[in-house]
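A note on names: the letters A, B, ... follow the listed sequences, proteins ahead of strands, and every chain is numbered from 1. Note: hydrogens, waters and symmetry copies are ignored here, and every other heavy atom, side chains too, is used.
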Amino acid sequence: MIRVRFAPSPTGYLHIGGARTALFNWLYARRHGGTFVLRIEDTDTERSSWDMVAGIVGGLRWLGIDWDEGPDTGGPHAPYFQSERIELYRAAAQRLVDAGCAYYCYCSPELLQQKRQAAEASGGGWVYDRACCALPPEEIARLEASGAPRAVRFKVPPGETAFDDLVHGTISFANANVEDFVVLRSDRQPTYHLSVVADDIEMQITHVVRGDDHISNTPKQILLYEAFQTTPPLFAHVPLIMGPDKKRLSKRHGATSVIEYERLGYLPEAMVNFLALLGWSPGTDQELFTQGDLIHAFALEGISGGNAVFNPDKLDWFNQQHIMRLSVEDLSTRLEPLLREHRLWHHDFVGARREWLHRMIDLLKPRVKRLPQFVEEARPFLTDEIGFDEAAVRKHLAKAALAAPFERLRAAFDTAEPFTAGVLEAALRTLAESEHVPPAALIQATRVAVTGRAVSPGLFEVLELLGRERVARRMANAPLAVANRDTG
RNA sequence: GUCCCCAUCGUCCAGAGGCCCAGGACGUGGCCCUUUCAAGGCCAAAACGCGGGUUCGAAUCCCGCUGGGGACGCCA
């Protein structure tokens, strides 16, 4: 039985990298019928906050990532907040000390700081010098009597620590390069290494899928597993996501919070598709995936070893592709809040004009990369306050030679029966011929007249959607608007 | 500085010794469709970091170099 976990620290929002790590874990669990656990690593009480927990949970939900065990869901290994499991870690630390795998360290943070700086000044790295590892009993007694604060440090044994990483293959470290790390702080709070390992053991995690940046932590954690006489889980370290400058993705690269992308009008399915293909490949040429496709295709073996650059253009493409694949019903549901926000929603869009709304959405669908663009594209259909693009008016509408034919076109449209794209197109082309005007000139002029813009979906569909009345009104008013401006 | 990871088009990936004078996708340029803009179709430019090996044969294996990234906390 596969058990994986996503273990964010609520010291920030759910960022792109974290989301992908969560996604990979989730996909892996779902692919193999395993269990996906959400565990909140809030042992850093200073920096953790409830808002951040809510933000992370919200981000995961938005992406459609659900968990089988976790904070709100509960489960056989509850609680899923590390801050509520402190006693477990203290007991674990005690076991390490009892087994001779760890020792008390009385060095003050200030002293360590000093030593570290000194080592750095002489141009070298620093690992703890084990000053407290072999303190004589009298010295320990003296320190204890004086009430000196003590931390618990893990005693790294000599030798080498290696593991078979599922994406990188064998990785090994000389233990000499691994320092005696603190497992329990002097205030009796556990450190990350202790709490992850204690929890991953207790929660029976079988696969640890996490960011590359944890590779150097892995030997410490494996040593801990060994000290606890348990078999470590399998590790899969996925490469990091970089900004276009190949630096670690950060705020200066724009939006890095997943939930920000919701606000920008990205579909969660597009985000998931994009993220999944960032550092992972199904081994085929398929690019577009539904969540179900991904679950079916996902395998840890397809994760590549090198860092990946976040490419916003490709995200946009995925978004557009997924928008086009959405059913009109679905799309209109997602558009409703947006349209309401701009006061462009009409109550009968769920009633009498439902079918009309769907036709409009279908027309606009392939022209939109992000949801908010819909609002702009839809404006001419939803309000009479359209506003004219002056350049478009000058180029296509305000032409003296067009005045008469345009007026006759308006009359022709007025009597067109039925008022449908096909009939309107035939009427326009017939008129263009008899007036010796290129059809394109009339089309462009009409487009500007009824939408205010030089670009729109196919004119005749637009006209049909607008309806006889609005077309007549806008055609009658448009040239007038130009005249007014000219004289004013 | 030490340790670790990585190295194919600008970007994301395919390629697990001959099928590769390297394939797909985004982006870019051109053409087609066409009433504009998209969408769609077609075409094009664009890469195996360098140097040594191993081998009949290397993008693929080994070594070195270079470059990029990560980690070196009583943060997670």
Can you tell me the Watson-Crick or wobble partner of U11(B), both distances under 3.5 angstrom? A25(B)

Determine whether a donor-acceptor pair (N or O, by modelled atom type, separation under 3.5 Å) exists between the side chain of Asp42(A) and the backbone of Ser83(A). yes

Would you mind classifying the nucleic acid contact of Ser186(A) as base, sugar-phosphate or nothing, using non-hydrogen atoms under 4.0 angstrom? base

Nearest heavy-atom approach of Cys132(A) to Tyr104(A) is CB-O, 3.5 Å

Across the strands shown, which category fits Asp187(A) at heavy-atom distances under 4.0 angstrom: base, sugar-phosphate, nothing? nothing

Between Trp280(A) and Phe298(A), what is the ring plane arrangement, given parallel below 30°, perpendicular above 60°, and tilted in between? tilted

Sub-3.5 Å donor-acceptor pair from the side chain of Asp362(A) to the main-chain atoms of Arg359(A), do we have one? no

Rounded distance in Å between the P positions of C61(B) and U8(B): 13 Å

How many Å lie between CD on Gln444(A) and C1' on U34(B), as a whole number? 11 Å

I need the OH-C1' distance between Tyr192(A) and A71(B), as an integer number of Å. 12 Å

Dump the pairs, protein N or O against N or O of nucleotides 10-12 of chain B, anything under 3.5 Å, distances to one decimal.
from	atom 1	to	atom 2	distance (Å)
U11(B)	OP1	Lys246(A)	NZ	3.0
C12(B)	OP1	Val309(A)	N	3.1
C12(B)	O2'	Leu277(A)	O	2.9

Taking any heavy-atom pair under 4.0 Å as a contact, classify Ser172(A): base, sugar-phosphate, or nothing. sugar-phosphate

With a cut-off of less than 4.0 Å, is there a side-chain N or O of Lys247(A) near OP1 or OP2 of G69(B)? yes

Please say whether the positively charged group of Arg153(A), taken as NZ for Lys or CZ for Arg, lies over the ring of Tyr128(A), i.e. under 6.0 angstrom from the six-membered ring centre and within 45 degrees of the axis. yes

Base, sugar-phosphate alone, or nothing: which one does Glu425(A) contact when heavy atoms must sit under 4.0 Å apart? nothing

May I ask you to check whether His214(A) and Tyr192(A) place their ring centers less than 6.0 Å from one another? yes

Ring centers of His207(A), Tyr28(A) separated by less than 6.0 Å: yes

When you measure from the side-chain N and O atoms of Arg116(A) to the phosphate of G73(B), is any distance below 4.0 Å, counting only OP1 and OP2? yes

Test log, rule side-chain contact (heavy atoms from CB on, under 4.5 Å), inputs His168(A) and Ile171(A): CA-CA 7 Å; His168(A) 296 284; Ile171(A) 299 178; 3.7 Å; yes

Considering only heavy side-chain atoms of Thr191(A), the closest of G23(B), G70(B), A76(B) is A76(B)

Between A71(B), G73(B), A39(B), which nucleotide has the shortest distance from any of its atoms to the side chain of Ser216(A)? A71(B)

Let's test this: given Watson-Crick or G-U wobble pairing with both distances under 3.5 Å, identify the partner of C19(B). none

Just to be sure I understand the rule, does Thr43(A) reach a base, reach only the sugar-phosphate, or reach nothing, if contact means heavy atoms closer than 4.0 Å? sugar-phosphate

Let's see if you can work this out: which of G73(B), G69(B), C26(B) has an atom nearest to the side-chain heavy atoms of Trp317(A)? C26(B)

Which part of the nucleic acid does Phe460(A) contact within heavy-atom distance under 4.0 Å: base, sugar-phosphate only, or nothing? base

Side-chain N or O of Arg39(A) closer than 4.0 Å to phosphate OP1/OP2 of A76(B): no

Distance below 4.0 Å between His168(A) side-chain N/O and C4(B) OP1 or OP2: no

Which nucleotide wins on minimum distance to the side chain of Phe173(A), given the candidates G40(B), C4(B), G69(B)? C4(B)

Base, sugar-phosphate or nothing for His396(A)? Non-hydrogen atoms, less than 4.0 Å. nothing

Of A76(B), U35(B), C74(B), the nucleotide closest to the side chain of Ser9(A) is A76(B)

Mind checking Gln321(A) for me? I need base, sugar-phosphate or nothing, with any heavy atom below 4.0 Å counting as a touch. sugar-phosphate

Arg153(A) side chain N/O closer than 4.0 Å to the phosphate oxygens (OP1, OP2) of C74(B)? yes

Contact state string [nucleotides 44-50 of chain B, B base, S sugar-phosphate only, - no protein heavy atom under 4.0 Å]: -------

Just call it for Ile215(A): base, sugar-phosphate, or nothing, with non-hydrogen atoms closer than 4.0 Å on any strand. sugar-phosphate

Quantified in whole Å, what is the C1' atom distance between nucleotide G23(B) and nucleotide A16(B)? 16 Å

Between the side chain of Thr21(A) and the main-chain N/O of Gly17(A), is any donor-acceptor distance below 3.5 Å? yes

